[in-house]
Amino acid sequence: MSYQPYPTSGPGQTPEPQQRPAAPNSVQTAVKLMYAGAALSLIELIVSLVTISSLKSAILKKFPHYTSAQVHSAEVAIVAGVVIEAVIAIGLWLWMARANAAGRNYARITGTVLFVVYTLFLLLDLRRPSVGIGLIFAVLVWLAGLGAVIMLWRRESSEYFAPRAR
């Protein structure tokens, strides 16, 4: 008596869903750029925290009429905002990298929308007092996002994100 494996598909049975092919180079590059964006966001946070002492002079330069209490309040608000923004950004970068690597089309769309939102935040950052090196990292993060979005919308990427027949 020989062993017969149980058939996985046959007459009257539903076939197994088609497996997603390996991610094309453009998607792999986009995912690497997203991980780089997360790393740069972490570095940006660290640099921002290390350069807090120069934030006071940046605030006074932009708002010379502020009292010391107003300067302190502005410092606290800016530092809290930077920390909250960085933690959220790092989490979003990691989530988008994993979801895009898995071929989730919603992630490609969400990542693009988040890039637009980050662009608006960057434009707002240009208006508030900041230390130059922090702004340099913000631009580097933006460039990583731009590269990722461009890679996600290439033709070979679109084929990867297309729905599969079940």
Side-chain angles (χ1 to χ4, degrees), residues 3 5-52 55 77-166:
Y3 171 73
Y6 187 77
T8 56
S9 64
Q13 294 180 345
T14 56
E16 291 184 27
Q18 185 179 359
Q19 294 294 327
R20 182 171 300 282
N25 286 338
S26 58
V27 173
Q28 292 175 12
T29 301
V31 169
K32 289 174 187 172
L33 286 168
M34 289 177 209
Y35 284 124
L40 286 167
S41 294
L42 179 62
I43 294 169
E44 179 184 10
L45 172 61
I46 293 167
V47 167
S48 295
L49 293 175
V50 168
T51 60
I52 285 176
L55 186 57
I78 290 170
V79 169
V82 165
V83 169
I84 291 168
E85 182 183 325
V87 168
I88 291 171
I90 292 167
L92 289 172
W93 278 115
L94 296 175
W95 173 43
M96 288 293 98
R98 289 183 183 118
N100 278 291
R104 306 285 191 255
N105 193 45
Y106 77 85
R108 180 169 71 149
I109 296 165
T110 304
T112 303
V113 170
L114 289 172
F115 172 72
V116 171
V117 170
Y118 187 79
T119 301
L120 297 175
F121 273 113
L122 181 61
L123 293 174
L124 290 174
D125 280 351
L126 295 174
R127 298 192 56 189
R128 73 178 183 193
S130 61
V131 180
I133 190 143
L135 195 55
I136 290 169
F137 275 99
V139 170
L140 290 174
V141 169
W142 183 84
L143 288 171
L146 177 64
V149 167
I150 290 170
M151 289 291 131
L152 289 175
W153 290 98
R154 294 183 55 129
R155 181 173 309 177
E156 59 270 21
S157 298
S158 294
E159 293 168 1
Y160 176 69
F161 287 106
R164 299 283 174 232
R166 296 216 173 231

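Side chains are part of it too, since the values below use all heavy atoms of this structure and drop only hydrogens, waters and symmetry mates.
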Any donor-acceptor N or O pair under 3.5 Å, side chains Arg104, Thr110: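 There is no such pair (donor and acceptor under 3.5 Å, judged by atom type) between the side chains of Arg104 and Thr110.
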Residue pair Val79, Val82: steps toward the side-chain contact (heavy atoms from CB on, under 4.5 Å) verdict: CA-CA 5 Å; Val79 169; Val82 165; 5.7 Å; no
Got a second to check how far [X]'s [atom1] is from [Y]'s [atom2], nearest 0.5 Å?
| X | Y | atom1 | atom2 | result |
| --- | --- | --- | --- | --- |
| Leu126 | Leu135 | CG | CG | 5.5 Å |
| Leu49 | Leu55 | CG | CG | 10.5 Å |
| Phe121 | Leu124 | CZ | CG | 7.0 Å |

Nearest heavy atoms of Ser41 and Ile90, plus distance in Å: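 Heavy atoms of Ser41 and Ile90 come nearest at CB-CG1, 3.7 Å.
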Nearest non-hydrogen partners of Glu44 and Tyr118, listed with the distance: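 Looking at all heavy atoms of both residues, the closest pair is OE1-OH, 4.0 Å.
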Output a table of donor-acceptor pairs, distance under 3.5 Å, between side-chain atoms of residues 22-35 and any protein atom two or more places apart or on a different chain; print 'none' if there are none.
residue	atom	partner	partner atom	Å
Ser26	OG	Ser157	OG	2.5
Gln28	NE2	Ala23	O	2.8
Thr29	OG1	Asn25	O	2.8

Backbone of Ala101 reached by a side-chain donor or acceptor of Tyr160 within 3.5 Å: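 At least one qualifying donor-acceptor pair exists.
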Asn100 side chain reached by Phe161 side chain, heavy atoms, under 4.5 Å: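 A side-chain contact under 4.5 Å exists here.
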Val47 side chain near Ile43 side chain, heavy-atom distance below 4.5 Å: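 Answer yes - side chains close enough.
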Which donor-acceptor pairs under 3.5 Å do side chains of residues 137-155 form with protein atoms, sequence neighbours excluded?
residue	atom	partner	partner atom	Å
Trp142	NE1	Thr119	OG1	2.8
Trp153	NE1	Thr112	OG1	2.7
Arg154	NE	Glu156	OE2	3.0
Arg154	NH2	Glu156	OE2	3.4

